[in-house]
Amino acid sequence: MAKVLKVRFPEECNGCELCVMEVQRQLGKVGLEGSPIRIFRNGNEFSVVIDPLAATLDITQLNKVCPKANFYFEEDSEGEFSS
Amino acid sequence: MKVNFQAKKVLFIDLAHSSYEVKSFPDLVPFLGGVGVGLKLYELYAAQDPVIFSIGPLNGFFPFVSKTSIVLDNDGVVEDIYIGGSLSFRLAFSGVDAIVLLGKSAEPVTLDVIDDTASFDYDPANIFSLGLPGKKSTLVTQGSFVVLDNFFTTPLNILNAKFVQKNITGMVVTGSHSYSIDDMTRYAQAYREILGRNGELSVGMGSSPSCSGCPMGCDKSRVGEAGGNILSHCLVACDYAQSIYSDVNIVFSCLNVLGYDYRHEDLEQIPSLVEEVLKRL
């Protein structure tokens, strides 16, 4: 079964974008372009959009930078992202 | 793309002629960025009533370096104010070090800045559809303040007064570039070391929206800053992280990791360089 990166409490995201910077560092770059995690702002609320291919990321480091330690892997029992 | 170590890249927006131009300034490198670059640009373009948004070399690259410097005239007095939110990240990834707004628009206009280009939109209803989702910051005049991303603002309402004078209803800034760092391992280690010093900040964890690059979500950054440490404001670091970014050794290390060749002496001279410009203004 494939692993899918998810956010445990999306409503707790404070929009700091540290997760975006962390995944980009893991991919060898600094910036927003092509990030597997994107944060969309709407005033005090944020939505976290995650690319299914983000399953290869180092989630330990991701949770170290996230003030809410908000990320986890879920097994993709439906096989939606299995290949 | 690679970090430009040789010059400061500035996007000039001419409001009267609805045009823009990008210029490169090697002479601004000694000013580091932020308020230093902002004041020097103000001196150069004072006749055109400039409003200068500027960042420093660590914005977007290191934690707690999350503010944007704004230099502008306030009834004959040059002011420097600072706004939080996501704007400094967007500027950092737009590839420009500063945006300078010159002159006055003939009719109300919203500026749509994407990387180093600008377009002019004359329908205020369009503002939230401009820019690229997830990579933009939106500044809008609301009441007597300019509000960033519907939350952050500046400590004085002089930016709003200037936007009204210049006929600017808003500005959307999108940064879509990514940078490569020669020594990514060393950079990541330095980044984590700085992030681990969050206990040294003079604010605690809160439940407000955070500025980009800061996990704290403090309730104080909503209303920006005015005044403070010159080195810290040249970076443009958060004032609440002054204990970290007013330390020349830490700043030197961060710059060195990214590949800048500033010397300790260069950093130590910045306050006097900025003061010389201030005396001439």
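Residue numbers start from 1 in every chain, and the chains themselves are labelled A, B, ... in the order their sequence lines are given, proteins ahead of strands. Side-chain atoms are counted along with the backbone in the values below, which use heavy atoms only and exclude waters and symmetry mates.
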Tell me every residue that passes side chain to side chain donor-acceptor pair (under 3.5 Å) with B:Asp183, counting only those two or more places apart in sequence or in another chain.
none
Applying side chain to side chain donor-acceptor pair (under 3.5 Å), can you list everything that pairs with A:Glu12, at least two apart in sequence or on another chain?
none
Pairs flagged by side-chain hydrogen bond (donor to acceptor under 3.5 Å, both in side chains) wherever residues 208-219 of chain B is involved - sequence neighbours left out:
A:Asn14-B:Ser210, A:Glu17-B:Ser212
Against chain B, label [X] side chain, backbone, both or neither, depending on which of its atoms sit under 4.5 Å from a heavy atom there.
| X | answer |
| --- | --- |
| A:Leu32 | both |
| A:Val20 | neither |
| A:Glu45 | neither |
| A:Arg25 | both |

Can you name the closest pair of heavy atoms from [X] and [Y] and give their distance?
| X | Y | value |
| --- | --- | --- |
| B:Pro209 | A:Phe46 | CB-CZ, 3.7 Å |
| B:Met205 | A:Pro67 | CE-CB, 3.7 Å |
| B:Ser176 | A:Glu33 | O-CB, 3.0 Å |
| B:Pro215 | A:Cys16 | CA-CB, 4.1 Å |

Most heavy-atom pairs under 4.5 Å with chain B, out of A:Gln26, A:Gln61, A:Gln24, belong to A:Gln61
Anything in residues 145-155 of chain B with a heavy-atom distance to chain A below 4.5 Å? Please list those residues in order.
B:Asp149, B:Asn150, B:Phe151, B:Phe152
Ranked by heavy-atom pairs below 4.5 Å to chain A, first place among B:Pro133, B:Gly217, B:Ser180 goes to B:Pro133
Largest heavy-atom contact set with chain A, pairs under 4.5 Å, which of B:Gly175, B:Ala188, B:Pro63, B:Gly213:
B:Gly213
Between B:Met1 and chain A, with a heavy-atom cut-off of 4.5 Å, which part of the residue counts as in contact: side chain, backbone, both or neither?
neither
Which atoms of B:Phe128 approach chain A - backbone, side chain, both or neither, heavy atom under 4.5 Å
neither
How far does CE of A:Met21 sit from CG of B:Leu195, to the nearest 0.5 angstrom?
12.5 Å
Can you list the steps and then say if B:His177 with A:Lys29 is a side chain to side chain contact (heavy atoms under 4.5 Å, CB included)?
CA-CA 10 Å; B:His177 292 302; A:Lys29 55 187 175 179; over 6 Å; no
Under the criterion side chain to side chain contact (heavy atoms under 4.5 Å, CB included), I'd like the reasoning laid out for B:Met184 against A:Val30: C-alpha separation, chi angles, the key distance, then a yes or no.
CA-CA 10 Å; B:Met184 203 64 189; A:Val30 184; 4.0 Å; yes
Enclosure of B:Asn249 CG (heavy-atom neighbours >12, cutoff 6.0 Å)
yes
